[in-house]
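To keep things clear, I will list the structure first and then write my remarks on it.
Every chain is numbered from 1 and lettered A, B, ... according to where its sequence line falls, protein lines coming before strand lines.
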Protein chains: 2
Amino acid sequence: MEDISKKTDDTKGRLIEAAGEVFAHHGFRSATVREICSRAGANVAAVNYHFRDKEGLYVAVLEHSLQSATRKYPPDLGLRDQATPEEKLRTFIHSFLLRILGEGVPAWHGKLMAREIADPTDALGRVVQSSIRPLHMYLASILSDLLKEGKPAEGEERDVIFLCAMSIVGQCLQHFTGRRVIAALRPKSFNPADIERIADHITRFSLAGIRGLRAGGSL
Amino acid sequence: MEDISKKTDDTKGRLIEAAGEVFAHHGFRSATVREICSRAGANVAAVNYHFRDKEGLYVAVLEHSLQSATRKYPPDLGLRDQATPEEKLRTFIHSFLLRILGEGVPAWHGKLMAREIADPTDALGRVVQSSIRPLHMYLASILSDLLKEGKPAEGEERDVIFLCAMSIVGQCLQHFTGRRVIAALRPKSFNPADIERIADHITRFSLAGIRGLRAGGSL
DNA sequence: TTATTATTCAAACGCTTGTTTCAAACCATA
DNA sequence: TATGGTTTGAAACAAGCGTTTGAATAATAA
């Protein structure tokens, strides 16, 4: 369990490193400060001394990992600004999947965000403000472009945009939140770690879905 | 907290009733046997006497609620057998949403199933066998009809069907699993309890998505 | 009725959790 | 080298959890 060999030699930094792994892997509630401290090679009291309490450490991890995530996985993944809405959506989905299914420090934040969505803690408000709402607004702007192409914006348009955003995010989150069941149901040929394959499917499925809504009307 | 006024006068029945509400509302882990017993007007020891342990009670609730759910919300919702695949898909989505977003006893099982997917317990294997896999197979058969219409079945077809199933289920589950964030992000005009509206959106979005995949090819 | 079994109940047990305590060790500065 | 604030550490604390105990009560059978 012990894992003293970390780069940072200050306890505070080692605690954040260890806590990031444990929180991302077990979630805030199931994570124990004893396991975190054990991994960081620190005493149990260290969390309360450096971060006031368990939640203080959690907030510190959220802030630390948010920086790492936005640095490595910007929502537009460095796409040029004149890209088409279709390209933007494809890139958003790819980036989002990398954030929640990837490995290592930059993927901590996506997993923590996904866990906040499925099982919120007292920090949900913070996460919504700092991460979820900005991402949602960006996705909504892409969807707005895709939906009203040529057409005038109706009043019900906002609900359609919102429902499309939930459809896309829901598809992505399913591959993290539902990974245990996916492992149980998947055909042998499907590789749950093939992010590009999943991103490609969700993109094509969703672009066609959006076009179908735009075409509007029956069934 | 106390709620002695239940129809059943046998403790075992009252425990299942109370436990269903508490498990569906808080999940297996966060639920406490003390709250369950308090609601059932029973002693704390009653759970261990009648069901061996907390998990035994949980399994009993799963079995009890599965019956209630399949009785009220069959996956085909009493659809005629010659219905088109499109009608079958629409009905499946509607039924699935009623199962997880509805109120009362018949909706317990859907919520418990959704919670098992997002945060599995030791009972996951049971739930997969009894509920999740059958539902998945039924959905996959509908998708198979929709996808290979006219076309020959390729080898990669299984993966496409599986990914489409995850897309549809992921969209539905998002409205239960992510309800807290939906409440925070939704436009005022969107009503999270309007199951018909959500079912209609997911159906149209998904049918168009499937058609888009069938059309195949680029972007 | 009496004997036997089933069920309820208050209390306590054992364990894990996050947190606190306070003395010892450390470390920079005068 | 002495001093004062910072950090560590082993131990204990308090609260909540599922579970067990064993006597009291209710229900059933002889």
Note: B:Arg39-B:Glu17 ion pair, threshold 4.0 Å (strictly below): no

Minimum-distance nucleotide (side-chain atoms of B:Tyr49 versus D:dT19, C:dT7, D:dT21): C:dT7

Is any NZ, NE, NH1 or NH2 atom of the basic residue among B:Arg204 and B:Asp200 found under 4.0 Å from an Asp or Glu carboxylate oxygen of the other? yes

Counting only side-chain nitrogens and oxygens, does A:Thr11 get under 4.0 Å of the OP1 or OP2 atom of D:dT7? no

Looking only at the side chain of B:Asp53 (C-beta and beyond, no hydrogens), which of the listed nucleotides D:dA10, D:dT21, D:dT19 gets closest? D:dT19

Check the distance between D:dG18's P and B:His26's NE2 and give it to me in whole angstrom. 13 Å

Rounded interatomic separation in angstrom, taking CD from A:Glu55 and C1' from C:dG18: 12 Å

By nearest atom, which of the nucleotides C:dG18, C:dT20, D:dT20 is closest to the A:Asn48 side chain? C:dT20

Can you tell me if B:Asn43 touches the phosphate of C:dA10, counting only side-chain N or O atoms and a distance under 4.0 Å to OP1 or OP2? yes

How long is the line joining CG of B:Leu57 and P of D:dT19, in whole Å? 10 Å

From CZ of A:Arg14 over to P of D:dT7, roughly how many Å is that when rounded to an integer? 13 Å

Between C:dT20, C:dG18, D:dG18, spot the one nearest the side chain of B:Val33, thanks. D:dG18

Parallel, tilted or perpendicular: which fits the ring planes of B:His64 and B:Trp108, with parallel below 30° and perpendicular above 60°? tilted

Measure the distance from CG on A:Asp10 to C1' on C:dC26 and round it to the nearest whole Å. 16 Å

Which nucleotide sits closest to the side chain of A:Thr32: C:dG18, C:dA10, C:dT20? C:dG18

Charged N to carboxylate O below 4.0 Å: is that the case for A:Arg197 and B:Glu156? yes

Taken to the nearest whole Å, CZ/B:Phe51 to C1'/D:dG18 is 16 Å

Return yes if the base of D:dG16 and the side-chain atoms of B:Arg34 contain a donor-acceptor N/O pair under 3.5 Å, otherwise no. no

OP1 or OP2 of D:dT8 sitting under 4.0 Å from any side-chain N/O of A:His50? yes

Among B:His175, B:His201, B:Gln174, which residue meets the side chain to side chain donor-acceptor pair (under 3.5 Å) test with A:Ser167? B:His201

Rounding to an integer number of Å, can you tell me how far A:Arg52 CZ sits from C:dT20 P? 9 Å

Please give, in whole Å, the distance from C:dT19 C1' to A:Lys54 NZ? 12 Å

